[in-house]
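The block underneath contains the structure these notes are about, expressed in structure tokens.
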Amino acid sequence: MDDRVEDIEIQLLLEALFQRYHYDFRNYARASIKRRLRQARDQMGFASFSALQEGLLHDPARLPRLLDYLTVQVSEMFRDPSYYRAIREKVIPHLRTYPSLKVWIAGCSEGEELYSFVIMFREEGLEKRTLFYATDINPDALDAAARGIYPLDRISAFTSNHRHSGGKSSLSDYYRADYGRAVFDKSLRDRVVFSDHSLVTDAVFAEMHLISCRNVLIYFDRKFQDRAIGLFRGSLARKGFLGLGSKESLHFSEHADAFAPFVRDEKIYQRHEQ
Amino acid sequence: MIASAQANGASPTPVTEAVVIGASAGAVQALARILPALPADYPLPVLVVVHVPADRDNMLVPHFAATCRIAVREAEDKEAIRAGTVYFAPSDYHMLVEPDRTISLSLDPLVHYSRPSIDVLFDSAADAYGPALAGVVLTGANDDGAAGLKAVADAGGVALAEDPATAYSPAMPRAALDACPAARSMSLDQIASFLAALGGARPS
């Protein structure tokens, strides 16, 4: 297959996805999206991206499966324990001074990061005064996040991460094992609002004290990254916090001046006073 | 595409604009024979994937920064690829080259049990650079890099593999040579001088 032809097909497929279903992947980092699309094409049984495009345009039932290929990100609870330790030890003392809190887990995928935050806030006695917003563009991923069920074989990694993050309880307090699955306690969702939201096309919806958006921006090109960071800037309360993935930063962003590094090594930033 | 006419004036030979290297078991010793041999005015970027355990601090950058004559850094997401610089993939992230020749990092699933994966780098770099790319598969104990090296050759780029007979761990270069018959097998010192000479017209 001529590479140029493939690039044209991908461009057209992403355009079709946007025009027909309003999912905008046109400014996703192209090299990653191409790998994912190749996988989708092969595993969904299409001979070419053009054929996949036709199938998608004429049959909306194919959309969820394609979205899974394009968006689902398998993470771990307390992935990068030092990040959670920094939130716990450096950010939470500031958050304690507020009578009520809003925390946004942006691009929550299947919920691993969300549950990590809720458990940490429960351990720190802040859960009851906090409202958590968990958003993603993929409705199936949001459903999975709202179920909170993970394969049991992933739990040992979660448990070890939790311990290294400075966890004050045992992770096993929060789930029960059930036929090879770990079912997380539904009380962890008492303070959570799940919502379909796109960092690329949707707007600010509440004023936040902390936004955690980890390993989402790396999938965007600079233009989308700036759009998302502008959204975070507009959503954060005065002196609110923004946490990014360990290989993400604000330093290429046009919004960089609106933030100051708060825990530099952990990519935790604080919104300047306005 | 930048192309220069061959001496005989027949077909144009693409000038190589970037080098990608993949290595696994025995990587540090093998790279130590290659990267420090590149001259201070080396005109190409060199992107390197080494299989490193995810939970281990990546010591490759400080190690090679101290021994190389060109800049050595850990790749950052969305940074522009610059000549005369060695970029190591951060541990536990795939490193990809975008069509506009910037770097993307990703947490997509492991490929050949590896993240970073050599195939992921080589595939994306072959897309971005086409025939202007040189790919090198060094020592290692699995078969990551084989499909990637073939992608480099299929796009018209130069494909090299370390000679399995002298490699610390022969499986990976052997798999690459099997998958990519166009690839040339060379000793580490041959690879070092081949790469050092790249950047002008391609040596034949």
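So that the names make sense, note that chain A is the first sequence line, chain B the second, and so on, each numbered from 1. Not measured: the values here are computed from a predicted model.
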Practice task
Calculate, to the nearest 0.5 Å, the distance between atoms NE2 and CD belonging to A:His251 and B:Glu79 respectively.
Solution key: 7.5 Å
Exercise for the section: Answer yes or no: are there more than 12 heavy-atom neighbours, outside A:Phe46 itself, under 6.0 Å from its atom CZ? Expected result: yes
Problem - Contact class of A:Arg79 relative to chain B, heavy atoms under 4.5 angstrom - result: side chain
Handout entry: Side-chain donor-acceptor contact under 3.5 Å, A:Ser246 with B:Tyr93
Key = yes
Practice task
Look at the side chain of A:Tyr219 and the backbone N and O of B:Leu107, then say whether any donor-acceptor pair between them is shorter than 3.5 Å.
Solution key: yes
Problem - Among B:Asp108, B:Asp127, B:Asp123, the one residue meeting salt bridge (charged side-chain N to carboxylate O under 4.0 Å, His left out) with A:Arg35 - result: B:Asp123
Fill in the blank from the handout: When rounded to the nearest 0.5 Å, the distance separating CG of A:Leu217 from CG of B:Leu105 is 12.0 Å
Practice task
Enter the distance from B:Glu98:CD to A:Ser32:OG here, rounded to the nearest 0.5 Å.
Solution key: 6.5 Å
Handout entry: Per-residue contact mode, A:Gln225 against chain B (heavy atom under 4.5 angstrom)
Key = side chain
Practice task
Give the minimum heavy-atom separation between B:Pro99 and A:Ala31, together with the two atoms involved.
Solution key: CD-N, 4.5 Å
Problem - Salt bridge flag under 4.0 Å for residues B:Asp100 and A:Arg222 - result: no
Practice task
Report yes if the side chains of B:His94 and A:Ile218 come closer than 4.5 Å at any heavy-atom pair, otherwise no.
Solution key: no
Exercise for the section: Report, as yes or no, whether the 6.0 Å neighbourhood of atom CZ on A:Arg264 holds more than 12 heavy atoms from other residues, nucleotides or ligands. Expected result: no
Handout entry: Rounded distance (nearest 0.5 Å) linking atom NZ of A:Lys247 with atom OG of B:Ser106
Key = 14.0 Å
Exercise for the section: Heavy-atom pairs under 4.5 Å with chain A are the metric here; pick the option from B:Ser104, B:Pro109, B:Pro90, B:Ser124 that has the most. Expected result: B:Pro90
Handout entry: Exercise: identify the closest heavy-atom pair between B:Glu76 and A:Ser249
Key = OE1-OG, 4.4 Å
Practice task
Report the option among B:Val97, B:Thr102, B:Val120 that has the most heavy-atom pairs separated by less than 4.5 Å from atoms of chain A.
Solution key: B:Val120
